[in-house]
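Positions are given from 1, in the same order as the sequence printed here. All ligand and atom numbering here is 1-based and tracks the order in the structure.
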Amino acid sequence: MKNEATLVIIKPDGLKKSLTGNILSRLSETKLKIIAARVLKVSEELASKHYSHLKDKPFFPELIKYITGQLHGENRVMALIYWGKDAIGKVRQIAGATNPEEADPVSVRGAYGRILTSGLYENVIHASSDPAEAEREIKLWFEPEEIVYELYPSEEREIKGTKKRAWK
Ligand code: UDP
Ligand code: MG
């Protein structure tokens, strides 16, 4: 099994419920390395790109409200990249199944997630599900210079006289 990267997002309910430390402790059981982290507010544009594969689902508009913080009056999320052997599988294991009612009770989603009356799964954490998705998501949420390792090829670009690295 080779080293790989995965994107984790602690969603607005996770921040609102003060679960950040708890979730990071659970993830540290994996012995994976954190190679990037940021706290940010999620724009509608970033949210729609992140969940573009779900845009035809009936719950999509509410999912966008959820990840942009409109359901919780809490527009912060914490995004992190974990790196190491089987990172995607290890983090998904700790996150638990998508549906919090079906998730292992000791997983993050099993312990802290819930299903809203609308049917939306409010499940505390996002974790990439395969290497292609991880790469697409990491490039969406992070600039090359925000990541400690050179995960993917990048190039220097000059924007308004300032040099900056961008994904190729
Ligand atoms: N989701 C939902 N209902 C569903 C499927 C997904 O509310 O039937 C939400 C849930 O918050 C989930 C997110 O949409 O985490 C992204 O869905 P995906 O199928 O990618 O699940 P994940 O990869 O997050 O386990
Ligand atoms: Mg997914």
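The backbone N or O of Arg165 sits nowhere less than 3.5 Å from a side-chain atom of Ser154 that would complete a donor-acceptor pair.
A salt bridge does not link Lys49 with Glu44: every distance from a Lys NZ or Arg NE/NH1/NH2 to an Asp or Glu carboxylate oxygen is 4.0 Å or more. A salt bridge is absent between Lys168 and Glu155; no separation between the charged side-chain nitrogens and carboxylate oxygens falls under 4.0 Å.
Sorted by first and then second residue, the side-chain hydrogen bond (donor to acceptor under 3.5 Å, both in side chains) pairs involving residues 76-87 (not counting sequence neighbours) are Glu74-Arg76.
In this structure, the protein non-hydrogen atom closest to atom 17 (O) of ligand 1 is Leu54 CD1, 3.4 Å. Closest to atom 6 (C) of ligand 1 among all protein heavy atoms lies Phe59 CZ, 3.5 Å. Closest to atom 11 (O) of ligand 1 among all protein heavy atoms lies Tyr121 O, 2.9 Å.
Every residue was checked against the side-chain hydrogen bond (donor to acceptor under 3.5 Å, both in side chains) condition with Ser48, not counting sequence neighbours, and none meets it.
Between Lys11 and ligand 1, a contact under 3.5 Å exists for at least one N or O pair. Residue-to-ligand polar distances keep Ser129 apart from ligand 1: every N/O pair is separated by 3.5 Å or more. Of the N or O atoms in His126, none lie within a sub-3.5 Å distance of an N or O in ligand 1.
Residue contact check for ligand 1: His50 places no non-hydrogen atom closer than 4.0 Å to it.
With a 4.0 Å cut-off on non-hydrogen atoms, Arg92 touches ligand 1 through its side chain and not its backbone.
Heavy-atom contacts of Leu120 reach the following atoms of ligand 1: 7 (O) (cutoff under 4.0 Å). Ligand 1 places these atoms under 4.0 Å from at least one heavy atom of His53: 20 (O). Close approach to Arg109 involves these atoms of ligand 1, each under 4.0 Å from a residue heavy atom: 15 (O), 22 (P), 24 (O), 25 (O). Interface of Leu63 with ligand 1, defined as ligand atoms under 4.0 Å from a residue heavy atom, comprises 9 (C), 11 (O), 13 (C), 14 (O).
Nearest-heavy-atom check against atom 21 (O) of ligand 1 across Asn123, Asn99, Asp130, Thr98 picks out Thr98.
Closest of all the heavy-atom pairs between Glu143 and Trp167 is C-CZ2, 3.9 Å.
A 4.5 Å side-chain heavy-atom check between Thr98 and Arg109 finds at least one atom pair inside the cut-off. A 4.5 Å side-chain heavy-atom check between Leu15 and Thr20 finds at least one atom pair inside the cut-off.
Asn22 and Tyr112 are linked by a side-chain donor-acceptor pair at a separation below 3.5 angstrom, with hydrogens and angles left out of the test.
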